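Worksheet for the structure shown next.
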Amino acid sequence: MKSANLVIALTKGRILEETLPLFAAADIVPAEDISKSRKLLFDTNLENVKLMLMRGSDVPTYVEFGSADMGVAGKDLILEHGCEGFYEPLDLRIAKCQLMTAAPVDAQAGSDTLKVATKFTNIAKRYFAEQGKQVELIKLNGALELAPSLGLADSIVDIVDTGKTLKANGLEPNDLIADISSRVIVNKASMKIKNAIIREILSKLSAAVKANS
Ligand code: PRP
C-alpha cells in the first residue's frame with residue numbers, strides 16, 4: 001500500500017540554510033535547489049514527502065490547520081502564534097538567539113506607563129502581565145531599534161543575536177523573555193493519522209541534531 005503524502009512547511013531565509021543539512025542527514029533532500037527557485041512547493045527524494053517554503057510567521061498557521069503536517073519555525077513565532085492544534089516534539093537547536101527587552105543605554109526607570117514597541121505583541125502582553133507591569137504596546141514590523149530614539153517608545157521587545165543592532169542604535173539588552181531556536185511542530189491530527197512516517201522522520205532528525213551539537 002502506498003503511504004499518504006506528508007507535507008513539511010519550512011521557514012525560508014537564514015533558518016533554511018541551517019535546516020536543509022539536518023533534513024539531508026535525515027534522508028530528506030529536495031529534488032531541486034530550493035534557494036534558487038521561485039517555486040513554493042517541492043518534491044523530494046522521497047515520493048510521498050513534499051516541502052513547502054514560506055515566511056516563518058505563516059508556518060504555525062499552515063500546521064495548525066493541517067495544510068502542512070509538519071513544520072519548522074522559530075520558537076519566537078510559535079510563542080507569538082500560540083500552540084493550539086500542533087505539538088512541538090523537537091528542538092533543532094539552530095538559529096539560536098534570545099527574545100529580550102531593550103532600552104536606551106541611559107534610560108531612567110520612570111513611573112509612567114511604559115511604551116513598548118515590538119512585533120511580538122502577544123508575547124509582550126503576556127510577559128508584562130506576568131511581571132505586573134502596565135505597558136502600552138506599539139506594533140511595528142521592523143526597524144524597532146529606531147523607536148526609542150524617535151520618541152515612539154521607551155523600550156522594545158525584539159530578537160537579539162550578536163547584540164550589534166542594539167549597540168549600533170544606542171540600546172542595551174535588559175531582560176531575557178525567552179531563549180529562541182528553531183523547532184519542529186506537528187499537526188495533532190497528522191500525528192495520529194500519519195504516525196509511522198512522522199515518528200521515523202522525527203527520530204532521524206533527532207539523531208541529526210545530536211550529531212550536529
Ligand atoms: C533581527 C532582529 C534584530 C536583529 C538582531 O532582525 O529584529 O534587528 O536580527 O541581530 P543582532 O543582535 O545580531 O544584531 P532580522 O535581521 O532577523 O530581520 P527582521 O527585522 O526581518 O526580523
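This structure is a prediction, so every number in the text was calculated from the model and none was measured. Whatever order the structure lists ligands and atoms in, that order sets their numbers, starting from 1.
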Inset, instruction - For residues 48-66, pull every pair meeting salt bridge (Lys or Arg N to Asp or Glu O under 4.0 Å), keeping only residues two or more places apart or in separate chains. - result: D43-K50

Inset, instruction - Can you establish whether the number of heavy atoms outside K125 located under 6.0 Å from its atom NZ is more than 12? - result: no

Inset, instruction - Around atom 7 (O) of ligand 1, find the nearest protein heavy atom and jot down its residue, atom name and distance. - result: D158 OD2, 2.9 Å

Legend entry - Closest protein heavy atom to atom 21 (O) of ligand 1, given as residue, atom name and distance to 0.1 Å: K119 NZ, 3.9 Å

Inset, instruction - Determine whether any heavy atom of K167 lies closer than 4.0 Å to an atom of ligand 1. - result: no

Legend entry - Inter-residue atom distance H81.NE2 - F86.CZ, 0.5 Å rounding: 5.0 Å

Inset, instruction - Answer yes or no: does atom CZ of F128 have more than 12 heavy-atom neighbours from other residues, nucleotides or ligands under 6.0 Å? - result: yes

Legend entry - Closest approach of any protein heavy atom to atom 18 (O) of ligand 1, naming residue and atom: R14 NH2, 4.4 Å

Legend entry - Heavy atom of the protein closest to atom 3 (C) of ligand 1 (residue, atom name, distance): E145 OE2, 3.4 Å

Inset, instruction - Specify side chain, backbone, both or neither for D161, according to which of its non-hydrogen atoms lie closer than 4.0 Å to ligand 1. - result: both

Legend entry - Residues E172 and K167 bridged, charged N to O under 4.0 Å: no

Inset, instruction - Please could you name the atoms of ligand 1 that T162 approaches to less than 4.0 Å, counting only its heavy atoms? - result: 11 (P), 12 (O), 13 (O), 14 (O)

Legend entry - Nearest non-hydrogen protein atom, atom 5 (C) of ligand 1: I159 O, 3.5 Å

Inset, instruction - Would you check if the side chain of T118 reaches a backbone N or O of V157 as a donor-acceptor pair within less than 3.5 Å? - result: yes

Legend entry - Any side-chain donor near an acceptor of the partner, R93 and S181, under 3.5 Å: no

Inset, instruction - Measure the spacing between OH of Y127 and CG of L79 and express it to the nearest 0.5 Å. - result: 13.5 Å

Legend entry - Atoms of ligand 1 close to T165 [distance to a heavy atom under 4.0 angstrom, numbered from 1]: 4 (C), 5 (C), 8 (O), 10 (O), 11 (P), 14 (O)

Inset, instruction - May I ask whether G163 has any heavy atom positioned less than 4.0 angstrom from an atom of ligand 1? - result: yes

Inset, instruction - Ignoring angles and geometry beyond distance, decide whether N141 reaches within less than 3.5 Å of ligand 1 through its nitrogen or oxygen atoms. - result: no

